[in-house]
Amino acid sequence: MRTYLNGLNEIEDGKSVDVYGWVQETRKIKKLLFLILRDNTGVIQVTVKEDNVNNYDEVYGITRESVIRVNGNVNKKSVSRQGIEIVAMEVEILNMAETPLPMGVIDKVTTDFDTRLNNRFIDLRKIGNSLIFRFENELLFFIREYMHSEDFIEVHTPKIVAAATEGGADLFPVSYFEKKAYLNQSPQLYKEILMGSGFDKVFEVGPAFRAEKENTIRHLNEFTSIDVEVSFADDEYVMGVLENSLEYAINHAIDKIGKVLDENGYGIKKISTPFPRVTYSELIEYLQKNNFEIKFGDDFSPEASKFISQKYDSFYFITKWPAELRPFYTMPDKNNQNITNSFDLQLGDIEVCSGAQRIHNYEILEKNFLKKGLNENSFNFYIKAFKFGMPPHAGWGLGLERLVMNILKLNNVRESTLFPRDRSRLSP
RNA sequence: GCCUCGGUAGUGUAGCGGCCUAUCAUACGGGCCUGUCGAGCCCGUGACUCGGGUUCAAAUCCCGGCCGAGGCGCCA
């Protein structure tokens, strides 16, 4: 039976165990050999003595990062710094690693990010790197748990679509037999159709594709989007869903793995709701007072976003965006047609989520199509759902990698992406 | 799409017209060593992104390609 390395403390002194893992380090002293063995739960020193094993010479020639099985006895009176070791009785080499490694796992030299991504399978052997994805896993688990407890159902909408654009973002074309198709940039239109189907509360976790030629630390051409849509709800309601789910997920994730995160330098704090809210117009005024060249209708430049972010130390909402900066399906404000019932959720100077109440009236939606210069024919599959009983609804879409990046204070969104797809990277 | 910066052993760097037969660290190979734990000591292998050009002389200067980092624009 396999024993995981973090379980060794519970095993009594002298007992025989089988452990499996990677040889992280070797220290050779002629007739004595120390192997530092690593599995996904921790590391342990394995002491190999010539008289104890029958293949000492073979084991002596082992290379770093080779995969082995060790049968041996737990020694809790070890003089090693860890105070515990395994005295090997049997070492089976399951797979010998070639040398030299394309990059080191525990070497003192730094490695360029490009080199790390080219050798991501090794890069992720570093606990600090794989921990990012363990954190993401916890976060997503608790977001799902929250959604289920609120009676949301998880759905899966198509990623290969026919509509040419919903305005703005470029799409990746794919060949679909004799037709032309695209990779979807967002499940938006399908979530809305499901509101017309009476699902009431849906969420989806899935990939989204953007064919924009960006070259920044916060853009990816393929990312994971968490999408939510709720019937008979407005923007205020789904902002509540958003902040409550994040509070639940982040705080539970910290309860579960906060200690390990701390040990690895990711010091993160629990959060509380409600998040502060500020309107777009208030921020425009604020920026103008501080000598920024900006007027109503402009988007915030990266420089302006940085300036704004100095006022907040955690999440904050920017609400009531002008209609011209929002997609065609965004609900205008009842009292002012120039602004919309929309919001962005910011963490630091980066937008992690954007949402709104949607237009549920067919005529207004049609008018918006024409205003934004969109081709109504390619959206028939969507707009048809609005003619036969579409409830009022609202929702949002959240970029998972950006969220993780910002919570853990990483300096590049590619750090929180297992295998990033960006302007130039398509492999691995 | 525009702009800036960069590419030297497996990894990361120094050198920025002649002192380069190219520095250092780490990794790798070999040797010594029965308690190492950033092991130590000795020996060794290993590199100037590619193509043109300038020059008596190019890793070093110029032009172009390729590759990369980042900023801006654009971006439900």
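Values below: all heavy atoms of this structure, side chains included; hydrogens, waters and symmetry mates excluded.
- Looking at the side chain of A:Gln45, the nearest of the listed nucleotides B:G29, B:U36, B:A76 is B:U36.
- Checked against the 6.0 Å centroid threshold, A:Phe386 and A:Tyr362 do not count as a close aromatic pair.
- Geometrically, A:Lys28 engages A:Tyr60 in a cation-pi contact defined by less than 6.0 Å to the ring centre and at most 45° from the axis.
- In the set B:G38, B:G70, B:A76, the nucleotide with an atom closest to the side chain of A:Ser354 is B:A76.
- Counting to the nearest Å, the C1' atom of B:G1 and the CD atom of A:Glu212 are 13 Å from each other.
- The distance between the ring centers of A:Tyr280 and A:Phe300 falls below 6.0 angstrom.
- In the set B:G35, B:C75, B:A69, the nucleotide with an atom closest to the side chain of A:Thr47 is B:G35.
- In summary, A:Asp349 and A:Arg218 do not engage in a salt bridge, as defined by a charged side-chain N under 4.0 Å from a carboxylate O.
- With sequence neighbours left out, the side-chain contact (heavy atoms from CB on, under 4.5 Å) criterion links A:Arg116 to A:Met103, A:Thr111, A:Phe113, A:Arg120, A:Asp123, A:Asn129, A:Glu415.
- Outside the 6.0 Å centre-distance limit, the rings of A:Phe292 and A:Tyr286 are not counted as a close aromatic pair.
- Within the nucleic acid shown, A:Ser225 comes within 4.0 Å of at least one base atom, counting heavy atoms only.
- Nearest to the side chain of A:Tyr60, among B:A76, B:G35, B:C33, sits B:C33.
- On a pure distance criterion of 3.5 Å, a polar donor-acceptor pair joins the side chain of A:Lys49 and the base of B:G35.
- Side-chain proximity of A:Lys30 to the nucleotides B:A69, B:G35, B:C33 is greatest for B:C33.
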Expected string for nucleotides 8-16 of chain B under the B/S/- scheme (protein heavy atoms, under 4.0 Å, primed atoms plus P, OP1, OP2 as sugar-phosphate) is --SBSS---
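- Listed candidates were B:C74, B:G70, B:C72. Nearest to the side chain of A:Ile217 is B:G70.
- Closest to the side chain of A:Lys108, from the set B:G38, B:G71, B:A76, is B:G38.
- At the heavy-atom level, A:Asn412 lies under 4.0 Å from the strands shown only through sugar-phosphate atoms.
- Here A:Gln24 lies out of heavy-atom contact (under 4.0 Å) with every strand.
- For B:A76, the base has a donor-acceptor partner in the side chain of A:Arg210 [N/O atoms by modelled type, under 3.5 angstrom].
- Side chains of A:Ile407 and A:Leu403 form a contact here, defined as non-hydrogen atoms less than 4.5 Å apart.
- For the pair A:Asp299 and A:Asn411, both in contact range of RNA chain B, the more 5′-proximal nearest nucleotide belongs to A:Asn411.
- Following rounding to the nearest Å, A:Arg423 (CZ) and B:C2 (C1') show an atom-to-atom distance of 13 Å.
- Stem regions annotated for RNA chain B: B:1-7 with B:66-72, B:10-12 with B:24-26, B:28-32 with B:40-44, B:49-53 with B:61-65, counting only runs of 3 or more consecutive pairs of Watson-Crick or G-U type with both contacts under 3.5 Å.
- Candidate nucleotides B:A76, B:C74, B:C37 were compared by shortest atom distance to the side chain of A:Arg81, and B:C37 ranks first.
- Distances shown here put a side-chain N or O of A:Arg27 below 4.0 Å from the OP1 or OP2 atom of B:A39.
- In this structure, A:Lys28 places its NZ atom 9 Å from P of B:C28, rounding to the nearest Å.
- Screening A:Thr279, A:Asn341, A:Asn336 against A:Lys320 for a side chain to side chain donor-acceptor pair (under 3.5 Å) leaves a single residue, A:Asn341.
- Here the two rings, on A:Phe317 and A:Tyr312, have centers that are 6.0 Å apart or farther.
- The side chain of A:Thr99 lies closest to B:C28, out of B:U36, B:G73, B:C28.
- Classified by interplanar angle (parallel below 30°, tilted 30° to 60°, perpendicular above 60°), the ring pair A:Tyr146/A:Tyr248 is tilted.
- Distance, A:Leu35 CG to B:U34 P: 18 Å, rounded to whole Å.
- Residues A:Val70 and A:Glu90 form no side-chain contact, since every pair of their non-hydrogen atoms from C-beta on lies 4.5 Å or further apart.
- Each of A:Gly397 and A:Gly61 lies near RNA chain B, and the nucleotide nearest A:Gly61 is the one positioned closer to the 5' end.
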